[in-house]
Asks: 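If you scroll down you'll find the structure; I have some questions about it.
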Amino acid sequence: MNDGSKQGVLLTINGTEAVKNVTLPRPNGVRGFELLWDSALELPPRPGLTMAAGAKLRMVETSMQLFAVQL
Amino acid sequence: MLPSLALVGKGEMLAELKQQTAPLGMTLLDGGGVFGVWSDSAEAISLHILDPEDSSQSLHEIPLERGDGGIWTCGDDRLQRGISYTLRASGPEGPRHAFQPQRNLLDPYAKGLVRESPKDYHCVAIERDFDWQGVEKPGTALSESVIYEAHVRGLTRVNPNIPEEIRGSYAALGHPATIDYLVKLGITAVELLPIQAFISEPRLVNLGLINYWGYNTINFFIPHMRYAAEATRARGPEAMLFELKTAIRELHRAGIEVILDVVYNHTAEGGHKGLTYSYRGIDNSSYYRQDDAGNYQDTTGCGNSLNFGKPMVQRLMLDSLRYWVEELHIDGFRFDLAATLARDENNHFDPNHPALRAMREDSVISQAKLIVEPWDVGMGGWQTGNFPPGFPEWNDRFRDSVRKFWLQDVANFRHSASHHNGVQELASRISGSQDVVSEGSPLGTVNFITAHDGFSLWDLVSYNAKHNSANGESNRDGSDNNLSFNHGHEGPTPNPSVNYSRRKAARNLMGTLLLSAGVPMITAGDERLKTQDGNNNAYCQDNVISWLNWEEDSHRDDFYRSVSHLIALRKARPALRPRTFTKLDEATLEHDQMLWFSVRGDEMMIEDWHNSERGEPFSDLPTTA
């Protein structure tokens with residue numbers, strides 16, 4: 001969105017019934033990603049869980065996660 | 001607009017009333033009132049003022065005079081606040097007509113109603129004063145909206161935080177406990193299942209059931225009486241209107257809009273064997289769509305269809321909409337079986353139909369949200385994506401695609417070890433269904449996973465098949481195409497693994513809904529994993545099957561917190577609610593870049609989009625431009 005917020009997000013989706021190891025992308029200017037929500041968790045995650053761009057992410061079966069992009 | 005009644009006398013008002021654009025129904029003035037009703041075919045119409053001591057008796061008969069275009073009018077000193085009245089009409093015989101000269105008929109524009117028996121009602125002339133206390137409509141932009149589809153009665157019927165004597169009523173809808181719950185959830189609008197006065201079909205009554213949902217309207221101006229608190233009902237129609245307005249005002253005060261599910265496609269008069277309450281007895285040949293032999297052309301599955309090829313039928317809807325917006329401060333509408341409203345004189349869907357154009361061009365109606373259910377059950381009735389801009393559509397493609405991805409495909413994988421779909425279809429739904437909507441923006445799609453009609457969210461992840469025996473039709477009613485998945489066991493189970501999988505699936509579905517471009521709609525109760533015991537057609541279940549369950553439960557409470565969290569994320573992150581379509585790999589003045597990545601972390605290739613492995617992440621990233 002061009003609203004000046006620069007609040008990009010990353011949505012990861014594992015539609016299979018198997019655990020997947022995912023490599024997080026490394027676009028230019030992106031340092032990492034802060035977890036905002038994980039469907040595998042019964043409750044929202046605590047703030048501050050971050051992963052570096054290019055890091056390996058383990059996704060449980062049939063799940064999705066939302067991250068905030070950190071520039 | 002109504003003229004200033006204090007300044008306009010009966011004579012002047014009557015002259016105006018005889019024009020087709022003048023207000024119809026009862027208009028009370030100083031020292032009497034004027035009345036108008038439309039019937040193209042009647043030969044005589046009279047207004048009967050009923051005996052206040054015995055409403056089965058007519059106290060005064062006032063003949064109406066026919067004017068231009070079939071507008072019948074009268075002015076009389078006896079038309080006063082509080083009178084009970086009905087109409088009687090006579091006219092020609094023939095296959096297209098159904099006059100019953102001795103039958104008491106409801107004024108189609110009545111503002112007050114009293115039920116005497118299941119077959120008999122009469123109108124009441126009311127005043128509508130109300131103090132809105134300066135509370136304005138929230139005016140929430142569609143792009144910011146999160147809609148909550150709810151049933152007035154079911155929402156609060158067993159909420160222990162609300163006084164028992166008002167549970168299930170308009171008063172309970174506007175009670176602080178309800179409003180606090182909705183505010184904490186984060187929704188911006190309640191979309192109420194029909195609250196225009198409706199009745200139950202005789203078939204249901206004979207089975208000991210009622211029409212709970214309310215898609216069976218008897219009058220398009222009057223709030224449903226049964227939803228007023230018992231003490232209010234005893235005080236009559238003015239008090240009931242006051243109670244509803246109070247609820248709307250208090251919701252507005254909390255920043256919550258009120259959208260009405262409106263059913264202008266048919267009436268409660270049913271097919272030819274149905275009872276006559278109003279329209280059929282006033283002018284059957286004009287109000288209802290018929291062939292030359294007088295057979296109803298039913299595109300609603302309810303026995304009749306109002307004839308929107310007729311300008312005065314269109315006007316009935318437009319006047320009703322304007323009344324709800326101006327008089328009750330309603331913020332929007334969801335038009336049930338809206339394809340019927342846009343069928344022309346040849347019964348063909350016309351996206352440029354005068355009724356649709358009139359809504360968009362009307363200075364009052366166009367300010368409201370105008371959401372359509374873009375189909376009916378007639379020939380050529382499936383019109384998803386074909387309504388013109390300005391009419392956001394319930395997107396059944398979103399519902400089905402998301403269900404297939406998270407449920408049916410997973411179920412199929414357990415049987416065949418392969419997924420049928422890659423992520424391409426899901427990606428189209430998440431990014432706003434540009435391939436479906438005509439709006440030119442994601443705001444043309446109202447996304448939903450569930451609605452009142454069908455499985456609840458919890459049942460969607462708990463049942464493979466419907467369980468509708470309580471409806472009295474040997475489980476024949478309701479859809480068999482649910483795209484649901486029970487996760488290995490049909491219905492309730494103590495198995496913690498199955499229950500965890502179900503809750504995760506429900507979070508996947510709810511997450512996809514609330515993180516997708518478009519306007520999300522949640523069904524009341526899904527935020528607390530409500531079950532209907534597998535009933536996917538609970539239209540006649542006025543009981544715990546349909547009512548929200550307010551009992552404390554850690555999993556239901558956790559799910560509520562998750563939904564509230566997702567809504568908060570949506571509100572805080574504009575990238576999750578774009579107002580225009582993003583373009584793949586292209587940043588424009590309107591958009592930041594949308595990029596899609598494979599499981600390897602590199603940008604998606606063509607083959608990735610069709611990969612049945614289904615493990616691809618994607619992102620919507622800000623540009624640095």
Side-chain angles (χ1 to χ4, degrees), chain A residues 1-47 49-71, chain B residues 405-406 409-410 413-414 419 421-423 426 430 500-501 503-505 507-508 510-512 515 554-555 558-559 561-562 564-566 569 572-579 582 587-593 595 597-603 613-625:
Chain A
M1 298 299 295
N2 193 25
D3 64 350
S5 67
K6 303 298 181 190
Q7 291 183 319
V9 292
L10 173 72
L11 184 63
T12 62
I13 296 173
N14 177 9
T16 73
E17 284 213 294
V19 173
K20 289 283 182 180
N21 290 309
V22 173
T23 303
L24 294 175
R26 311 184 61 157
N28 286 339
V30 173
R31 283 189 299 116
F33 305 95
E34 179 184 0
L35 183 65
L36 299 175
W37 179 70
D38 184 347
S39 73
L41 303 176
E42 301 275 10
L43 285 169
R46 59 182 170 82
L49 291 173
T50 60
M51 297 190 72
K56 298 286 187 187
L57 169 69
R58 182 179 183 276
M59 293 191 72
V60 305
E61 66 280 4
T62 55
S63 66
M64 59 195 300
Q65 297 176 329
L66 183 73
F67 295 89
V69 175
Q70 295 181 320
L71 299 175
Chain B
F405 186 88
W406 287 117
D409 277 6
V410 174
F413 183 81
R414 291 192 181 182
H419 294 289
N421 300 304
V423 291
L426 184 71
I430 289 174
Y500 170 74
S501 295
R503 290 193 298 275
K504 179 157 59 70
R507 284 192 293 273
N508 286 331
M510 189 63 84
T512 305
L515 302 178
S554 62
H555 289 307
D558 289 349
F559 198 83
R561 288 179 62 187
S562 288
S564 177
H565 178 71
L566 284 164
L569 290 174
R573 305 257 161 193
L576 295 171
R577 42 183 171 80
R579 289 164 290 188
T582 52
T588 70
L589 286 175
E590 286 293 316
H591 301 287
D592 292 317
Q593 201 168 9
L595 299 173
F597 299 96
S598 75
V599 70
R600 303 174 300 277
D602 47 20
E603 290 192 35
E613 284 294 306
R614 296 155 48 100
E616 298 81 0
F618 74 87
S619 73
D620 181 359
L621 295 169
T623 62
T624 54

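Order of the sequence lines fixes the chain letters, A, B, ..., with proteins taken first and strands second; residue numbering starts at 1 for each chain. Bear in mind that the values here come from a model prediction, so they are computed numbers and not experimental data.
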Asks: Do A:L36 and B:R573 come close enough that some side-chain heavy atom pair is under 4.5 Å?
Replies: yes
Asks: Relative to chain A, which segment of B:T512 carries a heavy atom at a distance below 4.5 Å: side chain, backbone, both, or neither?
Replies: both
Asks: Identify which part of B:A505 has an atom lying under 4.5 Å from any heavy atom of chain A, answering side chain, backbone, both or neither.
Replies: neither
Asks: Let me confirm one number: the CD1-CD1 distance from A:I13 to B:I430, rounded to the nearest 0.5 Å.
Replies: 4.0 Å
Asks: With heavy-atom distances below 4.5 Å as the criterion, would you say the side chains of B:L569 and A:V9 are in contact?
Replies: no
Asks: Name the region of A:Q65, side chain, backbone, both or neither, that has any atom closer than 4.5 Å to a heavy atom of chain B.
Replies: neither
Asks: Which atoms of B:D558 are under 4.5 Å from chain A, going by heavy atoms: the side chain, the backbone, both sets, or neither?
Replies: both
Asks: Ignoring hydrogens and geometry beyond distance, is a side-chain donor-acceptor pair present between A:S63 and B:K504 at under 3.5 Å?
Replies: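 On atom types as modelled, these side chains do not qualify, holding no pair under 3.5 Å.
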Asks: Name the region of B:R503, side chain, backbone, both or neither, that has any atom closer than 4.5 Å to a heavy atom of chain A.
Replies: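 Answer is side chain: those atoms of B:R503 sit under 4.5 Å from chain A.
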Asks: Between A:W37 and B:L566, is any pair of side-chain heavy atoms under 4.5 Å apart?
Replies: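 SC-SC contact between A:W37 and B:L566 confirmed.
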Asks: When heavy-atom pairs shorter than 4.5 Å are enumerated against chain B, which of A:P44, A:A68, A:A53 gives the highest number?
Replies: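 Of A:P44, A:A68, A:A53, A:P44 has the most heavy-atom pairs under 4.5 Å with chain B.
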Asks: Looking at CD of A:E42 and OG of B:S554, how far apart are the two atoms once the value is rounded to the nearest 0.5 Å?
Replies: 8.5 Å
Asks: Go through the atoms of A:L57 and report whether side chain, backbone, both or neither lie under 4.5 Å from a heavy atom of chain B.
Replies: neither
